[in-house]
Amino acid sequence: MPLFKAISRNTLDSLNIYWVLVRIMVPITILTEVLSRMGAIEAIAPAFAPVMDLVGLPSELGLAWLTAMVVGIWGAVPLLFTLVPVSSLSVADVTVFSSLILFAHGLPIEQKIIQMAGPGMTVTTVLRIAGGLLYAFVLHHILAFTGWLSAPVNPAWIPMTATPDWVVFFQGLAETMIWMLVVLVVLSWSLLILKTSGLLDWMMKLLSPVLRLAGIRGEAGHLTAVGLFLGISYGAGLLIREAQSDALSPRQIFLSCVFMGFAHSVIEDTLIVMALGADISGVLAGRLAFAVLATALIAALLGRLADERFYAHAFRQKA
């Protein structure tokens with residue numbers, strides 16, 4: 001049956017992509033955990049204090065921001081109320097800090113995955129960090145000027161701060177990789193079934209006007225939507241396959257990865273920071289609006305960039 005053959009082929013492709021992700025994620029995750037336990041992150045963090053001043057946050061939160069960028073959101077959230085007492089933070093403070101870590105977190109892993117799809121690691125990393133800082137800066141000044149969200153924060157959840165031992169760490173890593181395989185395979189099947197049934201085209205009609213504003217079109221829009229809802233590991237993971245098959249243009253892959261860098265995993269990550277007390281308008285609605293506008297601006301600039309400069313600085317051209 002054609003559908004069975006297509007599912008089998010998609011499953012094999014997903015397993016190949018999964019193996020690529022394993023080779024990226026496992027060693028980098030272990031390395032960052034070792035560096036974190038050795039105190040390397042804590043030693044570097046004071047240099048980030050001036051950046052916290054720019055966005056109106058306590059300088060102590062520089063450590064939490066750096067931890068988020070290196071380790072990930074789950075590494076940063078336990079530090080938030082450890083470094084700064086809950087009583088001294090407002091809803092605006094937590095919303096601005098949450099915006100910072102939503103834009104740029106887990107960079108060693110996520111940016112390596114994006115690099116495998118073709119975009120340059122340096123330029124996309126700089127865009128994510130700069131985009132997060134710009135958004136947090138604007139958001140801070142809007143909130144400070146209006147007095148909106150100035151009430152004391154009342155978190156629904158204050159995470160435990162205990163560092164797990166190595167056995168628990170490796171158990172958690174193994175569980176994460178197993179679930180990633182399950183999600184990746186099921187996602188691949190689901191996308192195929194949605195394509196075959198025509199439902200994907202109907203769903204994308206709802207998202208395509210927004211993505212078109214950002215300069216993302218066609219199949220790139222489908223995969224960008226995956227990253228938007230499920231995260232870079234899945235969206236960019238599927239882009240790796242498309243890049244290898246030459247199904248998408250390099251510029252569309254680049255824009256898709258840029259957009260996902262600004263806005264990805266909007267369900268899970270948003271719920272995490274909302275539990276800490278962040279306001280949904282800042283960490284979801286405003287973030288999505290910024291992602292569309294910023295990506296649209298980058299798309300306009302990209303249209304003026306010659307191929308030579310694009311492949312030299314922004315995208316790894318195939319040999």
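Quick note: numbers below take in every heavy atom, side chains included, and nothing from hydrogens, waters or symmetry partners. For reference, positions follow the sequence shown, starting with 1. Every value quoted in this text rests on a predicted model; they were computed, and no experiment measured them.
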Any non-hydrogen side-chain atom of R37 less than 4.5 Å from a side-chain atom of F169? yes

Should the heavy atoms of other residues, nucleotides or ligands under 6.0 Å from CD1 of I280 be counted, would the total exceed 12? no

Taking the side chain as C-beta and beyond, is there a heavy-atom pair between V123 and H313 under 4.5 Å? no

Can you classify the ring geometry of H105 versus H264 as parallel (below 30°), tilted (30 to 60°) or perpendicular (above 60°)? tilted

Check: I272 and I73 side chains under 4.5 Å, non-hydrogen atoms: yes

Would you give the length of the straight line joining atom CG of L61 to atom CG of L57, rounded to the nearest 0.5 angstrom? 6.0 Å

Do you reckon V126 sits in the same ILVMFWY cluster as V51, going by side-chain contacts under 4.5 Å, direct or chained? no

For M121, does its backbone N or O pair with a side-chain atom of T124 as donor and acceptor, under 3.5 Å? yes

Should W65 and V70 count as side-chain neighbours, where that means a heavy-atom distance under 4.5 Å? no

Got a donor-acceptor contact below 3.5 angstrom from the R287 side chain to the L102 backbone? yes

Under the side chain to side chain contact (heavy atoms under 4.5 Å, CB included) criterion, do W148 and S281 qualify, and how do the steps go? CA-CA 11 Å; W148 188 32; S281 61; 3.2 Å; yes

Out of F259, F137, Y135, which residue meets the ring pair (Phe, Tyr, Trp, His ring centres under 6.0 Å) rule with F290? Y135

Heavy-atom pair with the smallest gap, counting every atom of P155 and V86: CD-CG1, 3.9 Å

Do L288 and L228 touch side chain to side chain, with heavy atoms closer than 4.5 Å? yes

With a 4.5 Å heavy-atom cut-off, do L89 and F81 have their side chains touching? yes

Minimum-distance pair of heavy atoms, taken over all atoms of I298 and L255: CG2-CD2, 4.2 Å

Salt bridge check, D307 against R251: does any charged N sit closer than 4.0 Å to a carboxylate O? yes

Student check: side-chain heavy atoms of S249 and F254 closer than 4.5 Å: no

What heavy-atom pair brings P250 and Y311 nearest, and what distance separates the two atoms? CG-OH, 3.3 Å

Determine whether R128 and L107 make a side-chain contact, defined as any pair of heavy atoms from C-beta on separated by less than 4.5 Å. yes

Quick one: does any side-chain atom of T67 pair with a main-chain N or O of A76 as donor and acceptor, under 3.5 Å? no

Any side-chain donor near an acceptor of the partner, S150 and S90, under 3.5 Å: no

Do you know which two heavy atoms are closest between A220 and Q252, and how far apart they sit? CB-OE1, 3.7 Å

Inter-residue atom distance I129.CD1 - L100.CG, 0.5 Å rounding: 10.5 Å

